[in-house]
Number of protein chains: 4
Amino acid sequence: MSSSAAPPSVRRVASERIVLPDAMATPDTRGRILEAALGLFAERGYAGTSIRDIAGAVGIQSATLYGHFPSKEHILAELAQAGHEAHRRRLADAMAGAGADPVDQLAALVRAHVLFHTEFAMLAIVANAELEALSPELVAGSIRPRSETERLFTGTIDRGIELGRFSTPDAWLAAAAIGGMGLRVASWFGPGARMTADAVADTYVEFALRILGASR
Amino acid sequence: MSSSAAPPSVRRVASERIVLPDAMATPDTRGRILEAALGLFAERGYAGTSIRDIAGAVGIQSATLYGHFPSKEHILAELAQAGHEAHRRRLADAMAGAGADPVDQLAALVRAHVLFHTEFAMLAIVANAELEALSPELVAGSIRPRSETERLFTGTIDRGIELGRFSTPDAWLAAAAIGGMGLRVASWFGPGARMTADAVADTYVEFALRILGASR
Amino acid sequence: MSSSAAPPSVRRVASERIVLPDAMATPDTRGRILEAALGLFAERGYAGTSIRDIAGAVGIQSATLYGHFPSKEHILAELAQAGHEAHRRRLADAMAGAGADPVDQLAALVRAHVLFHTEFAMLAIVANAELEALSPELVAGSIRPRSETERLFTGTIDRGIELGRFSTPDAWLAAAAIGGMGLRVASWFGPGARMTADAVADTYVEFALRILGASR
Amino acid sequence: MSSSAAPPSVRRVASERIVLPDAMATPDTRGRILEAALGLFAERGYAGTSIRDIAGAVGIQSATLYGHFPSKEHILAELAQAGHEAHRRRLADAMAGAGADPVDQLAALVRAHVLFHTEFAMLAIVANAELEALSPELVAGSIRPRSETERLFTGTIDRGIELGRFSTPDAWLAAAAIGGMGLRVASWFGPGARMTADAVADTYVEFALRILGASR
DNA sequence: AATGAATGAGAGTTCATTCAT
DNA sequence: CATGAATGAACTCTCATTCAT
């Protein structure tokens, strides 16, 4: 079903760099399994990747995988949770360093959001597109940080509106739009992009502030 | 690999309506296969759906499928092409009825773009998320209309900039952002949404015009 | 784990004839699967027999098995149920043709019991030794006829005692002893036996009546 | 294949006590391996038990097993041989203390036979039901004591017939029946039994003497 | 147009066993 | 003595697909 070697003519992710959060990026077998799985899941999807594909990419037997993870699903769960957790932490750190002005905060959030999706493009794709393959128990670890991340966005926008710094037809829709446009960056940003990640982030911050009618 | 009956805790698409373009939505077996496949591909992904799953949803034997389609891949190819083609046509029709002003044109495009993603949510998800599973020959039919759709957006934006109606840091990025936020609507818009598709479309038009700094 | 070709030095069953109840002994693929499975389960046990062993003995691919049975366990369940059901029917028929005297009835039961274990030695071994491998749902079909068979024995013995025809220290133990000695016949009766099945049956009837202290 | 945790609805052995012959029941790792293996083999069978199941029950790694036994098969071989050897010794000791009368000797043999199957139920099940899993070299250690045990029974019966103390249609069949009914005790005797092991033994002695038409 | 039976390949997972530490 | 990591083979079962009917 999977495993076909022919290069797909349409890619799910333009980036070619497999980037794991620091804590996971260990040089031991476990880390190499996560790395290989991330690259394959991002390229072919979870269901389209076999346990033997992963093992082959690592250079081990498929049975060896089971000494490190109890199932294929657990590998995905760990990647997805790490992705959502790293995303959450990035945004939380950005907020923490942004002062009290909702405009500054929102700008910092969008910047962090976009940069995360350029830097961890594969992780973002996998964490978002493959969650439905996880059982309720295993998906919980991803849902938690994801919900908190959403609250960071909506909370900041709500506060900005209360303080009269934002003016937008619908706060929730604005959050959805800003989130959605940033998420999409993970699909197309890659080595062929004509601009740096920083430039993309700066521009998306401008877009977001315009969507929110920010008064500066 | 697929076939699990337990309700997934995270859905790929909030909509529960399986909607095919009119031309495909025939009551014969062929149409019912496409309908069933669309629902399953949207829910579990192409690789996560078996030919038996589709046949089971239609109420036929899997062998019967091969009297209507030469392969599983051809079913996806037909759905993807129809999705991209219907999308292109919607945008082209919107343009055609929008007069000569790039602001009006862009508004019409965004409106049509968003409405398409609310109305054909499953088709949009499948056509966008599963393209990489298609071989180069079969993906071509989807690439063509998709490219034309992109040109509608970028062409209109470029013209608006030339005419001084738009003011935006980066035309391509603006198109990517507007496209991305609209695409994402297909994931969350559904029966639980607190607003009508029209209201979403109106608001996203406003967002898009803000992103473009449209002078009205 | 299984599949080793070396002939075991100790056999679970001396008989070399694979005998299915008439209703199952069809010449189609389904019947041939049951026949092959019976022979292998009797020889190597259920857990010691692989699905490929069975398929190989039939001369088909292992995948083909799944067109006829939903799982390996279902094959065992069908064999076990058929074994217990055939056993029950043999004893019930014997009772029906035995008149009203508990002595005659018990003699008929033991005769049928022993003859069943000589004729269907493999089925008896499998139905008795491998029941614990079946899940609660699948084992139910075997438990039912087995319980009824037990009642035939204990009921007849109890009635014989009431009527003063039997005299035995413990009715339940007598039933267990008579059942156990007959069951064991399936293990050793085979082509090398120095006596006919009929002769064994006659002798075991005599043993049983002695155990019961039958007054003749 | 094994390892399922759901309680089986049909048990191979009613007893819940794992009892090893004194010489094997050491508190060191080797003894604990034998103990765990006995319990698992009795419950799920040899082929249905994995080396990891045994290690898990002991609380060690499966690799550690290989410091004590050269293979899984050797564990079974040791248990089986110990079972047959203990059985043989019990019967031999019984004979030694029984005087010269074949009736007394046979009674002592049956008593010992039954008591062994109540006391060492698991060992008896394993030693009898799993012999066919052993290679010719490893099975030899079990065959030897088993043959001698058989000779104790048949020799005593033959002598009793010669001396006119027994009167039975077929000596060999009588031995098979007596052996078979005792063997079966290991399957059903357990904590739920409504009688003591002694009572069972006494009754089975009576049954055996009746089968043999013993003149007392 | 539809089917039931069959297939070869491959899915995820477990097997008994080895070995360096 | 015990382990954690690794292995190659085998496990049950599902895959997309074919074909005669």
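Chain naming here is simple, since letters A, B, ... match the order of the sequence lines and numbering starts at 1 in each.
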Does a side-chain N or O from [X] land closer than 4.0 Å to OP1 or OP2 of [N], or not?
X	N	value
A:Ser50	E:dG10	no
A:Gln61	F:dA6	no
A:His68	F:dG4	no
B:Thr29	E:dA2	yes

Set out, line by line, the N/O atom pairs under 3.5 Å between protein and nucleotides 17-21 of chain F.
from	atom 1	to	atom 2	distance (Å)
F:dT17	OP2	B:Tyr66	OH	2.6
F:dT17	OP2	B:Lys72	N	2.9
F:dT17	O5'	B:Tyr66	OH	3.2

Requested in this report: Flag the pair C:Arg12 and C:Glu130 as a salt bridge only when some basic side-chain nitrogen lies within less than 4.0 angstrom of an acidic carboxylate oxygen.
Outcome: yes
Atom pair distance, as rounded to whole Å: [atom1] in [X] and [atom2] in [N]:
X	N	atom1	atom2	result
C:His74	F:dT12	NE2	C1'	14 Å
A:Ile54	E:dA11	CD1	P	11 Å
A:Asp53	F:dC15	CG	C1'	15 Å
C:Ile60	E:dG4	CD1	C1'	14 Å
A:Asp28	F:dA6	CG	C1'	14 Å
A:Leu40	E:dG12	CG	C1'	16 Å
B:Tyr46	F:dC15	OH	P	13 Å
D:Phe69	E:dA16	CZ	C1'	16 Å

Backbone N/O of [Y] and side chain of [X]: donor-acceptor pair under 3.5 Å:
X	Y	answer
D:Ser142	D:Gln81	yes
C:Glu35	C:Leu20	no
D:Thr49	D:Gly45	yes
C:Arg52	C:Ser62	no
B:His84	B:Ala127	yes

message = Mind checking if C:Leu65 touches a base, just sugar-phosphate, or nothing, with heavy atoms under 4.0 Å?
response =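 Contact class for C:Leu65: none.
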Should we count CG of D:Asp22 as having more than 12 external heavy atoms under 6.0 Å?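 Incorrect, the count does not exceed 12.
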*5' precedence on DNA chain F between A:Arg32 and C:Thr64 (nearest-nucleotide basis)*: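 The residue mapped nearer the 5' terminus is A:Arg32.
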**Study point:** Face-on cation placement of C:Lys72 at C:Tyr66 ring, 6.0 Å and 45° thresholds
**Key:**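 No; the conditions do not both hold, so C:Lys72 does not lie above the ring face of C:Tyr66.
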For residues B:Pro27 and B:Arg32, determine if any side-chain heavy atom of one lies less than 4.5 Å from a side-chain heavy atom of the other.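 Counting from C-beta outward, B:Pro27 and B:Arg32 never come under 4.5 Å.
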Secondary structure of DNA chain E per the Watson-Crick/G-U criterion (both distances under 3.5 Å; [ ] crossing, | other strand, . unpaired) is .||||||||||||||||||||
